[in-house]
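One-based numbering, in listed order, for ligands and for the atoms of each. For clarity, every value in this text was computed on a predicted model and none was experimentally measured.
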Amino acid sequence: MLERIKETASFLKNKMHTAPETAIILGTGLGSLVGEITGKYEISYEEIPDFPVSTVEGHSGKLIFGKLGNKDIMAMQGRFHYYEGYSMKEVTFPVRVMKELGIRTLFVSNASGGMNPDFQIGDLMIITDHINQFPEHPLRGKNLYGDRFPDMSEAYSKELIAKAKKIAREKGIKLQEGVYVGVQGPTFETPSEYKLFRIMGGDAVGMSTVPEVIVANHCKINVFGISVITDLGVEGKIVEVSHQDVQKAANAAQPLMTDIMRELINRA
Ligand code: HPA
């Protein structure tokens with residue numbers, strides 16, 4: 001595994017003409033940030049040795065290198081979800097490669113169902129912490145590097161959270177904050193499951209991010225995460241939900257999410 005990570009990283013290093021310390025996983029709600037990357041060069045996942053290939057609708061798969069504002073960045077357009085059938089090792093492989101490439105800060109976005117009764121569809125939520133409900137742990141098995149029992153006391157950088165809140169205040173953007181519960185999917189939750197996750201301490205629930213954030217913490221990459229609330233798992237407000245509904249709500253929130261991320265990445 002370590003060898004594969006190094007192989008993939010050295011393949012990419014040969015193709016890279018920058019040395020970014022910032023990576024972005026362009027999850028739901030951040031697709032349009034791609035249009036703001038300048039001096040772009042792209043490598044599709046199929047070309048990269050040992051990289052999984054993404055399948056789900058609305059996610060195409062490539063790495064994009066370039067500049068966002070004044071920062072050299074590397075972006076993943078299309079991530080690997082556990083529900084697609086990838087193992088946790090595959091889901092988190094790109095993060096391990098990022099570490100090998102010298103990445104120090106990772107920005108992630110996703111879509112989620114809001115369980116906090118104060119939330120509305122279209123709200124943006126800074127992820128302050130998570131609860132891992134995936135059935136397999138990405139660090140299970142031989143410890144490749146770093147701590148066998150990694151600390152998770154500040155999985156999401158407090159410094160970046162404070163900066164994001166400051167930016168939102170300056171721009172007059174409403175930001176929620178809360179705990180993201182990561183589940184395997186692919187079903188959305190039953191009303192009783194939303195209720196359970198709320199009682200557990202969750203504000204929103206979704207099917208991604210947690211594996212990548214665990215691995216980023218293991219390799220000492222700072223993390224900032226933001227989620228767009230695309231549907232509500234709040235008693236009395238639960239209605240039928242589809243992938244199209246999620247995409248629609250995420251697209252509507254996209255300009256604000258892009259605005260905050262762009263600014264935060266520049267100031268980070
Ligand atoms: N549950 C799980 N994942 C999600 C949801 C949800 O309600 N909305 C968007 N992704």
Among all protein heavy atoms, pick out the one at the shortest distance from [atom]; state its residue, atom name and that distance to 0.1 Å.
atom                   : answer
atom 5 (C) of ligand 1 : Gly113 N, 3.3 Å
atom 8 (N) of ligand 1 : Asp231 OD1, 2.7 Å
atom 3 (N) of ligand 1 : Gly206 CA, 3.3 Å
atom 4 (C) of ligand 1 : Val205 O, 3.6 Å

Sub-4.0 Å heavy-atom contact, Gly233 with ligand 1: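 The answer is no, since Gly233 has no heavy atom less than 4.0 Å from ligand 1.
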Side-chain heavy atoms of Val205 within contact of Tyr180, under 4.5 Å: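 Val205 does not reach Tyr180 side chain to side chain.
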Between [X] and [Y], do the side chains contain an N or O donor and an N or O acceptor separated by less than 3.5 Å?
X      : Y      : result
Arg104 : Thr22  : no
His130 : Tyr156 : yes
Asn110 : Thr209 : yes
Tyr41  : Thr18  : yes

Closer than 4.0 Å to some heavy atom of [X] - which atoms of ligand 1 meet that?
X      : answer
Thr230 : 8 (N), 9 (C)
Ser112 : 5 (C), 8 (N), 9 (C), 10 (N)
Ala111 : 9 (C), 10 (N)
Met207 : 2 (C), 3 (N)

Closest candidate by heavy atom, reference atom 1 (N) of ligand 1, pool Glu189, Met115, His243: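 It is Glu189 whose heavy atom sits nearest to atom 1 (N) of ligand 1.
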Plane angle bin for Phe107 and Phe224 - parallel if under 30°, tilted between 30 and 60°, otherwise perpendicular: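 Judged by the thresholds at 30° and 60°, the geometry between Phe224 and Phe107 is tilted.
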His17 ring center within less than 6.0 Å of Phe65 ring center: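 Ring centres of His17 and Phe65 not closer than 6.0 Å.
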